[in-house]
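All chains are named by letter (A, B, ...) in the order of the sequence lines, taking the proteins before the strands, and each is independently numbered beginning at 1. All values reported here derive from a predicted model rather than from experimental measurement.
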Amino acid sequence: MKNQFVAETLYMVADLLDLKGDLFFKTRAYRMAAQTIEALDDDIEKIVRQGTLESISGIGEALAKKITELVQTGKLEYLERLKKEVPPGLIDLLSIPGLGPKKVAALYKNLGISTIQALRDAAGNGKLRSLEGFGEITERNILRGIQLLEKTSGRVLLNVAYEDGNRYLTYLKKNKKIKKIDIAGSLRRMKETIGDIDILALSNDPETVMDHFVQYPEVAEILAKGITKSSVILNDHLQVDLRVVDEKSYGAALQYFTGSKDHNVTLRGFAIKKGFKLNEYGLFEKESEKYIAGKTEEDIYKRIGMAYIEPELRENRGEFDAAKNHTLPTLVTPDAIKGDFHVHSLWSDGSDSIETIATVAEKRRYDFIGITDHSQSLKIANGLSEERIQKKILEIQKIRKKHPELRIFCGTECDIKTDGTLDYSNKILEHFDFVYIAIHTAFKMDKETMTRRIIKGMDNEQVNFLAHPTGRLIGKRDPYEVDIEQIIDAAKQTDTRLEINSFPDRLDLDDVHIKQAKDHNIGFVLGTDSHSINHLDFIRFGIATARRGWLEQKDILNTYSVEDIEKIIGT
DNA sequence: GCCGTTTTCGGCCCGACTGTTTTCAGTCG
């Protein structure tokens, strides 16, 4: 699959054209095409071979020619030419908050600045203020922007933003002038990483609300403060935007600020076709500007002629077709989850006893909990020897008597060794209620070998689930090279369920692969991979990722009754 | 650069805020 490569190349072309000062709509066409290709289920190489590129909306003759060249030769003459005209360092400057293509072009043209270092020096020495459109404040903002960029890589994990956002919300709710308040943006859509937090409030006294907003104790800096919109930076460098609107517009604003941008552009297109105009204030008749809807999101989708689309689905990945055909999934909800399959205890590298885990699981009103310690060869994680497995089973039998309402499964997270054999013999595996298999070593294999290794593991009849199927650690480690299509096929053939690992830096499988697997009728399990009882809450992020992958209750084993689970895992 | 049930040319989403200006361009979402 070269889809990502093609998309990144097109994004780069768009950036360079921007810097050259080319037509805005032209660069947008490149970005939209890149986005489309990024979200494509099909292999771009296949589409090129079939010659059907131009049937994709947003790709015309010129782009089809360039994409074909790129796929067939791995290069793009047009990009090479652009690179000679525009120093590539300028693209880095675009990532500084407050700097767009026009300002960057002006910096380069007039002062020859093409690197962040040169810009920092010039701004520090007060050399920018001589330029038209630049002043002292701009210099300060640029210096601050560079600092910010270096402190954060720009995005934080979902759980960090989730906690920050909800803490802020609790603080804001104390203000009596706020009638209604919601988190919007990518946090509402529960994306795996979050760039900034968007909050929307309903109030007739926005100025008081804004005062309250910027006085939040965790605010490090106020970026902007207006009547309807303010932005701050928190101590942990995350940016938070607050918008205040009135009742008539609340639903329209919530829809608008929830995004994704791609979803909204498409939705607006549908509105226009129906003779409407859609913005953050409401849905209006195009000619007369008469207000049609805006109080709730439901009203807006309904008046545009489609079913309500849940925030997690708003990525322009087929949700509009489904909404029009009435085939949107009924997404799994948190209250349907009856337990957690993937928890580590003191027996390996967890920090709590099985007794403690069981007590907390009961408090969470779980029907079951799966204790899955590591297997013997994973010495670093205190993996269990055969002898210790027997002792652990005895302990679980005792604890079960104290918790008759909770089904405590004794599982294992068994390593797949480099040759695809498992870390325990089948005779030992039989002792467990269920078996997870996982890769924890030799990540750097080539794709074919790694895929074969995992599939060999899945072929073992004792195996029930594949843990964190791609092994990625968001922001820290790329997924290992693996052919997901083949893994999905093998899951189907061997009746192995794929895990949605709910630990925030894993979220593995991810939303895109989940949907791909769901289309092949693969079953899933949710596991938090908890190493402490504090991690059990992470199930929330697994559920959100499942929802982003279009999963319904029936797709996820955690929603089944204990009796049905036992039948399926064969215990 | 794309697209077309008003169009093969002329649109293409659009409003808020900031900073630098004296009415607006640039950036952002």
| Interatomic distance where NZ belongs to Lys273(A) and P belongs to dC13(B) [whole Å] | 13 Å

| said: Expressed as a whole number of angstroms, how long is the span from Ile67(A):CD1 to dC2(B):C1'? | reply: 12 Å

| query | Distance between the P atoms of dC13(B) and dC17(B), in whole angstroms? | reply | 22 Å

| said: A side-chain contact here means heavy atoms from C-beta on lying under 4.5 Å apart; do Leu526(A) and Ile539(A) qualify? | reply: yes

| said: Quick one: does any side-chain atom of Arg506(A) pair with a main-chain N or O of His468(A) as donor and acceptor, under 3.5 Å? | reply: no

| dT8(B) and dC3(B), which share atom name C1', separated by this distance in whole Å | 10 Å

| task | May I ask you to check whether over 12 heavy atoms, not counting those of Glu61(A), lie within 6.0 Å of atom CD? | result | no

| field | Annotated protein contacts, base or backbone, on nucleotides 14-23 of chain B with a non-hydrogen cut-off under 4.0 Å, one of B, S, - each | value | BSSSSSS---

| remark: When both distances are under 3.5 Å in a Watson-Crick or G-U wobble arrangement, the nucleotide paired with dT8(B) is none

| field | Among Asp262(A), Asp511(A), Asp519(A), salt bridge (Lys or Arg N to Asp or Glu O under 4.0 Å) partner for Arg317(A) | value | Asp511(A)

| Please give, in whole Å, the distance from dC28(B) C1' to Gln239(A) CD? | 9 Å

| message | Any heavy-atom pair between the side chains of Thr228(A) and Val245(A) that's under 4.5 Å? | response | no

| request: Measure from NZ on Lys103(A) to C1' on dG26(B) and round the result to the nearest Å. | output: 5 Å

| said: Give me the distance, rounded to whole Å, that separates dT23(B) from dG19(B) when you measure between the C1' atoms they each carry. | reply: 13 Å

| field | Below 4.0 Å: OP1/OP2 of dG1(B) and any side-chain N or O of Lys66(A) | value | yes

| field | Ring centroid separation Tyr168(A) to Phe213(A) under 6.0 Å | value | yes

| query | Of the nucleotides dT27(B), dC13(B), dC2(B), which one has an atom closest to the side chain of Arg28(A)? | reply | dC13(B)

| Among dG26(B), dC2(B), dG29(B), which is the nearest nucleotide to the side chain of Lys261(A)? | dG29(B)

| field | Distance in angstrom units between Ile37(A) CD1 and dC2(B) P, rounded | value | 11 Å

| note | From OH of Tyr30(A) across to P of dC2(B) the rounded distance in Å is 7 Å

| said: Say we look at dG26(B) and dT20(B): how far apart would their P atoms be, to the nearest angstrom? | reply: 14 Å

| query | Expressed in angstrom and rounded to an integer, what is the separation of Gln255(A) atom CD from dC13(B) atom P? | reply | 15 Å

| task | Report the distance from atom CG of Leu17(A) to atom C1' of dC2(B), rounded to the nearest whole Å. | result | 15 Å

| Upstream residue (5' side of DNA chain B) when Phe25(A) and Ala64(A) are each assigned their closest nucleotide | Ala64(A)

| message | Ring centres under 6.0 Å, that's the criterion: do Phe320(A) and His263(A) meet it? | response | yes

| request: Using the C1' atom as the reference point in each nucleotide, state the distance between dT7(B) and dC12(B) in Å, no decimals. | output: 13 Å

| Gap in Å between the two P atoms, one belonging to dT21(B) and one to dA16(B), rounded | 24 Å

| query | So what does Thr27(A) hit on the nucleic acid, given a heavy-atom distance under 4.0 Å: a base, only sugar-phosphate, or nothing? | reply | nothing

| Given dT27(B), dG29(B), dC12(B), the nucleotide with the shortest approach to the side chain of Lys102(A) | dT27(B)

| Closest non-hydrogen atom pair, Asp555(A) against Glu552(A) | OD2-N, 2.7 Å

| said: Is it the case that the ring center of Tyr11(A) lies less than 6.0 angstrom away from the ring center of Tyr30(A)? | reply: no

| note | Nucleotide by nucleotide, nucleotides 4-11 of chain B touches protein heavy atoms under 4.0 Å in the pattern (B base, S sugar-phosphate only, - none) --------

| task | Anything under 30° is parallel, anything over 60° is perpendicular, the rest tilted; go ahead and classify Phe541(A) against Phe538(A). | result | tilted

| task | Report yes if the side chains of Phe257(A) and Arg188(A) come closer than 4.5 Å at any heavy-atom pair, otherwise no. | result | no

| message | Say we look at dC2(B) and dT6(B): how far apart would their P atoms be, to the nearest angstrom? | response | 23 Å

